[in-house]
Amino acid sequence: MKKTFKWGGLAFLAFYLISRPHNAANVVHGALTGVSGAANSLSTFVSDLPNR
């Protein structure tokens with residue numbers, strides 16, 4: 001059952017990338033922007049710890 005969902009998800013992802021590459025690029029860009037923002041926030045938090 002897990003294998004079916006895994007392959008189905010990969011097939012859907014491939015279909016989405018091929019049929020709507022611009023939208024897929026926007027999704028990836030948004031995800032990377034979110035990860036970058038989280039990393040910057042974590043970095044700020046950790047660097048401010050010694051100052052307390």
Side-chain angles (χ1 to χ4, degrees):
M1 189 75 164
K2 283 184 185 181
K3 203 174 204 181
T4 303
F5 284 123
K6 178 178 146 183
W7 285 109
L10 288 174
F12 177 75
L13 180 64
F15 173 75
Y16 185 70
L17 287 172
I18 291 168
S19 65
R20 302 197 189 285
H22 183 55
N23 291 345
N26 286 339
V27 169
V28 171
H29 179 59
L32 291 178
T33 300
V35 169
S36 174
N40 285 335
S41 296
L42 182 62
S43 172
T44 302
F45 173 74
V46 171
S47 65
D48 283 347
L49 283 176
N51 297 332
R52 292 181 183 219

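Basis for what follows: all heavy atoms, side chains included, without hydrogens, waters or symmetry-related copies. All values derive from a computational prediction rather than experimental measurement.
Side-chain atoms of Ser43 never come within 3.5 Å of backbone atoms of Ala39 as a donor-acceptor pair (strictly under, hydrogens ignored). Judged by distance alone, with hydrogens and angles left aside, the side-chain atoms of Thr44 form a donor-acceptor pair with the main-chain N or O of Asn40 at under 3.5 Å.
Atom CG of residue Leu10 and atom CZ of residue Phe5 lie 13.5 Å apart, to the nearest 0.5 angstrom.
A single hydrophobic cluster is not seen to contain both Leu13 and Trp7; linkage of ILVMFWY side chains at heavy-atom distances under 4.5 Å, directly or through other members, places them apart.
Between Phe12 and Tyr16, the ring planes lie parallel to each other; the angle is under 30°, not in the 30° to 60° tilted range.
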